2 protein chains.
Amino acid sequence: MAAIRRLLPQESLVYLGDTARVPYGIKSADTILRYTEECCTFLAKRDVKAIVVACNTASAHAFPYLTHKFHIPLMGVIQPGVKHALEISRNKHIGVIGTQATISSDIYAKELKKLDKNTVVTSLACPLFVPLVEEDWLENEVTEAVAKRYLTTFRQDGVDTLILGCTHYPLLKPVIRQVVGEKIELVDSAEAVANALKDLLTKQSLLKTDDEEVVTQLYVTDLPGRFENIAKRFLGESVPTVKRVTL
Amino acid sequence: MAAIRRLLPQESLVYLGDTARVPYGIKSADTILRYTEECCTFLAKRDVKAIVVACNTASAHAFPYLTHKFHIPLMGVIQPGVKHALEISRNKHIGVIGTQATISSDIYAKELKKLDKNTVVTSLACPLFVPLVEEDWLENEVTEAVAKRYLTTFRQDGVDTLILGCTHYPLLKPVIRQVVGEKIELVDSAEAVANALKDLLTKQSLLKTDDEEVVTQLYVTDLPGRFENIAKRFLGESVPTVKRVTL
């Protein structure tokens, strides 16, 4: 959302965080699909012109089904990261880290190989990264020990590009960088997603042309308190009022 | 459930794990109450004679409301741990660790002081302990570093008893013991809860007297796969078939 807001400042945004039921990364494909569908139904009712499924886990498990079900343009966060990784990788040996659910879906390997069948992919689930970010331990000895345990393998692995396949992970970039070294490019798909959304809206002639007020609406499914603190880490201090909804 | 099964082998048990929506420890009081009520409604419909709310977070936030709402004997896991801690503490300076939601409810301090108003309580949330247990990192350098960061304070604090106020924490006992030292007693409320349940059933003449078959039924709200692996850590290898339900 921060990246989209920067790139498309003239567009109104409706954000929904399913905070009562997160994290999705430890749930089964079936439950992820059901919850994601409920979220999209909520957004579709608010008359949005496009939906970004801004979660790798939800994109990995729900995307084909959702595009079939909803008759508005939908975007996931997997494709833009995949394309960007293939653009910058020289040896086409790409690493992917994500939640348990994203990695077990194998979606990144499938999509990477669909675009370049010679791509070699090394995937790894890092279940403790999300709780570490939620705890706000972005750079301490614990976070370093966790990152070492998960990521040291990528140093010897021959990977030249590592996809951060979870929207929380970019906040851990300094520690991840320290463990994997300077030679591996890190792919944070936020910018790529914002660019792809702009392309999509442009192609479908959906970019805003009137001069109606630009609005940012934030909704969550649990009480807003905890969310507001975490939102500040992503959006900076200027977080609009957050409303609670039941799906 | 393992402790109850050991103490009351003649009783049939119905277990419900709300795996689609865990962890509860990061949710608001309001959401915890709503979800716990749905769980109890499910169990009450299955004609159980008593319900144990076997989660500190749910007990902390939902207990008075649930006893008011359901007309069958209900037990939480806070009271038995509180009583046991007061029995074994000599200096009445007691430490409590738990999830964010349990600690912010301040339920342990309230209940401890209700029974002995001179009790001094030091409470601390340890949000990474549940994800560590779920990752099965029970004794490695990461778990040690996390435990040190959270618990070193208890060494100097004068606490002689530490309540493990979350059902996951007993699996981390060796690491917790290592950090807090040998002089602090650790209170794991599982045995205390099983004993309190036996007392309750005895007093209300609810102990099983017929010779109907003893049954153990396991239900979860997400697909059973992941749950079965974690259940083995608590129950041993002999986990009965797990069924999925929607609440």
Side-chain angles (χ1 to χ4, degrees), chain A residues 17-36 38 61 99-101 104 125-137 140-152 168 175 220-230 242 244-247, chain B residues 17-36 38 61 99-101 104 125-137 140-152 168 175 220-230 242 244-247:
Chain A
D18 189 9
T19 50
R21 301 189 295 197
V22 289
Y24 278 25
I26 56 170
K27 304 186 199 304
S28 72
D30 194 74
T31 297
I32 293 163
L33 188 114
R34 186 155 58 90
Y35 289 176
T36 308
E38 287 173 14
H61 288 285
T99 64
Q100 222 141 37
S104 69
C126 304
L128 280 166
F129 278 176
V130 168
L132 280 168
V133 170
E134 301 272 329
E135 179 70 323
D136 204 14
W137 288 5
N140 67 22
E141 75 287 359
V142 169
T143 312
E144 281 164 29
V146 173
K148 263 186 203 149
R149 223 180 145 87
Y150 286 140
L151 305 178
T152 304
H168 278 63
V175 170
V220 290
T221 55
D222 201 350
L223 292 182
R226 220 177 100 82
F227 172 81
E228 282 169 336
N229 291 331
I230 295 170
V242 183
R244 186 201 194 177
V245 291
T246 304
L247 299 182
Chain B
D18 189 8
T19 51
R21 303 188 295 196
V22 289
Y24 278 24
I26 57 170
K27 303 186 198 308
S28 72
D30 194 74
T31 297
I32 293 163
L33 189 113
R34 187 156 57 91
Y35 289 176
T36 308
E38 288 174 13
H61 288 285
T99 64
Q100 222 139 38
S104 69
C126 304
L128 280 167
F129 277 176
V130 168
L132 280 168
V133 171
E134 301 271 329
E135 178 70 324
D136 203 14
W137 287 6
N140 69 22
E141 75 287 358
V142 169
T143 312
E144 282 164 30
V146 173
K148 264 186 204 147
R149 224 178 144 84
Y150 285 140
L151 305 178
T152 304
H168 278 64
V175 169
V220 290
T221 55
D222 200 351
L223 292 183
R226 221 177 100 83
F227 173 80
E228 282 171 336
N229 292 330
I230 295 169
V242 183
R244 186 201 194 176
V245 292
T246 305
L247 298 182

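These figures come from a predicted structure and were not determined experimentally. Naming: A, B, ... by sequence-line order, numbering from 1 per chain.
Of the possible donor and acceptor atoms, one in the side chain of B:Y150 sits under 3.5 Å from a partner among the backbone N and O of B:L128.
Note on B:D222, B:N140, B:T143, B:L223: by heavy-atom pairs under 4.5 Å with chain A, the leading option is B:D222. Note on B:I26, B:L132, B:T19: by heavy-atom pairs under 4.5 Å with chain A, the leading option is B:I26. Listed options A:I32, A:V130, A:D30 were ranked by heavy-atom pairs under 4.5 angstrom with chain B; first place goes to A:D30. Each of B:R21, B:E135, B:R149 has some count of heavy-atom pairs under 4.5 Å with chain A, and the biggest count is that of B:R149.
B:Y35 touches chain A through its side chain: at least one heavy atom from C-beta onward sits under 4.5 Å away, while N, CA, C and O do not. Proximity to chain B is limited to the side chain of A:Q100, based on heavy atoms less than 4.5 angstrom apart.
Counting heavy atoms from C-beta outward, B:L33 and B:H61 have side chains that stay 4.5 Å or more apart.
Summarising the geometry of B:P23 relative to A:V22, their closest heavy-atom pair is CD-O, 4.4 Å, with the distance given to 0.1 Å.
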Please lay out, stage by stage, how B:L151 and B:C126 fare under the test side chain to side chain contact (heavy atoms under 4.5 Å, CB included). CA-CA 9 Å; B:L151 305 178; B:C126 304; 4.3 Å; yes
Side chain to side chain contact (heavy atoms under 4.5 Å, CB included) for A:R244 and B:T31? Distances and angles first, verdict last. CA-CA 11 Å; A:R244 186 201 194 177; B:T31 297; 2.9 Å; yes
